[in-house]
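Report on the following structure.
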Amino acid sequence: MSIFISFILAILSSMLIDNVVLSRFYGICPFLGVSKKVKSSLGMGIAVVFVIVIATVICWPLYTYVLVPAGIAFMDTVAYILVIASLVQLVGLFIKKKSPALYESLGIYLPLITTNCAVLGVAQSNTDQGLTFLNALANGVGTSIGFLLIIVTFSCVRTRLESANTPKAFKGLPIALITAAIMAIAFMGLQGLFSGIKL
Amino acid sequence: MSSVGYLILAIAILVILLATFIISFVAYRRTPLPKGCEHLKMDDQKCSSCGHSECSFYKGEEKE
Amino acid sequence: MSREKGYTKKNFLKGLIAENPLFVSILGTCPALATTKSIEAALGMGLLFTVVLICSNILVSLLRKLISEEIRTPAYIVIIATFVTMVKMMTNAFLPELYSTLGVFISLIVVNCIVLGRAEAYASKNNVFDSLIDALGMGIGYTVALLIMAFFREVLGSGMITFGTIFTFIPKFSIPILKCVKDGVVIYDYSIQMFQNPAGAFIVFGLILAVIAFVKNRKAELKAYQEKQEKLKKAEAARLAAAAKANETSGGDK
């Protein structure tokens, strides 16, 4: 039971306290680029959750049971990017063949995920920090759900910003970045959320 | 297993990964789009998440 | 290939200003926000990035006739990942402080859109020399952009510019600007802590983009105004000429 609780806490902490976009700065490109409409940000977010979780499940054992015993742990980045890129292509292929409906909502965002630093960043930091498999999985799930949460929230704010009367020089990206800063300040308030909980 | 065996296994796995990537990439490019999805585009008409038209993935989407 | 005069210079300068990867194309934003806490870290990131970009551009340009159109992207990703691994190992060996400061962001150069974008858009179509110049321009442009951001963040956030913490081969010293510490005693401190935090990174980046948009808008508006004035002048002159002509003819009638 204690393992389960710590698993949930690890998910929550990598989702809220160490939020992927606002405090670790992974995946800023899609965060700024695909967040103009709520629908597209939802599609991108779900696709990212999907790929990050599967990539974590593959990359951690690959590193621990194959690369480290063979003594080529330095090849980790190459291995991870290969795993992620082929994963994205395979998922895209599967969706194209089997589910046109899913392709309609996720298909165009899939190829962009290969160059999303959140995916590689999570895989890399999992092994760099020497996490256990369960913690790595929690980190993957938490990070990706945190990304989904933040990109959808941000797109909601941005649709409102479109109709707001902003100064001309701030139209578009600058005001979006200032908004992100305010969100980051809000998320800073969550630090120490679990400091009172003892395990 | 000896360390040399592990090394060979690891390199084999890396090569397999590379092969998977290339094969799946080519297959993905060649698979036709499902019906009704031929004219899907990014909402912004321009993929701004990966910069302007330089991203190859975007160009690929446009061509299809 | 026929080339106009001064192409090399133009090719180099475009990465610095007209097509600056960070401030104009808004590419590579993740490291730009994450590694600009201090000027030294930004400089280190910019240098590593430039090295990877130059190497990958040269190799892609050399291999451009061998790699078939179909497997271009996978081949480029593998080339870039290999160079990133090499750079990472070098940093770990020779500049361990830089390695631990940048952390995972060295690996993330692999998925930096600028490197892949330059390989696809430029190096795969041009010769080695041009690709090298392009990579140099883009790399230096990106480094300068990172340094500008880091300058504001370090000065506002910590109050002073410190050297020697990451590049340990130079002696450690700091230039007091908003905060002055002498012999461990804080004399004055007007720094704003927030600029060292993630929120500060977003604010600095947003404000810089706003300033750039402001300058661009002003230029465009000034140009539009001048064009309008010229058109008005022309119309006025034409009207006057027509009036004079009409006057002449009518005067002739009388």
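Residue numbers start from 1 in every chain, and the chains themselves are labelled A, B, ... in the order their sequence lines are given, proteins ahead of strands.
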Note: Ala70(A) and Ala10(B) closest approach over all heavy atoms is CB-CB, 3.5 Å
Tell me whether Phe74(A) at atom CZ has more than 12 heavy atoms from other residues, nucleotides or ligands lying less than 6.0 Å away.
yes
Might you confirm whether atom CZ of Phe50(A) has over 12 heavy atoms from other residues, nucleotides or ligands at distances under 6.0 Å?
no
Interatomic distance, Lys97(A) atom NZ to Thr31(B) atom OG1 [nearest 0.5 angstrom]:
4.5 Å
Applying a strict 4.5 Å limit to non-hydrogen atoms, the region of Leu62(A) in contact with chain B is side chain
Hey, what do you get for OH (Tyr6(B)) to CD1 (Ile72(A)), rounding to the nearest 0.5 Å?
12.5 Å
Which pair of heavy atoms, one from Ser86(A) and one from Phe21(B), lies closest together, and at what distance?
CB-CA, 3.6 Å
As a quick check of understanding, evaluate side chain to side chain contact (heavy atoms under 4.5 Å, CB included) for Thr20(B) and Leu90(A), giving each step before the final call.
CA-CA 9 Å; Thr20(B) 323; Leu90(A) 286 176; 4.2 Å; yes
CG of Leu93(A) to OH of Tyr28(B): how many Å apart, nearest 0.5 Å?
8.5 Å
Looking at Pro32(B), is its backbone amide N or carbonyl O close enough to the side chain of Lys96(A) to form a donor-acceptor pair, meaning the two atoms are under 3.5 Å apart?
no
Could you measure the distance from the CD1 atom of Ile13(B) to the CG atom of Leu82(A)? Nearest 0.5 Å is fine.
12.5 Å
Heavy-atom side-chain proximity of Val78(A) to Leu17(B) below 4.5 angstrom:
no
Given heavy-atom pairs under 4.5 angstrom as the criterion, report whether the side chain, backbone, both or neither of Leu18(B) touches chain A.
both
Could you work out, with side chain to side chain donor-acceptor pair (under 3.5 Å) as the rule, every residue matching Arg160(A), not counting sequence neighbours?
none
Could you tell me which portion of Tyr65(A) (side chain, backbone, both or neither) has an atom closer than 4.5 angstrom to a non-hydrogen atom of chain B?
backbone
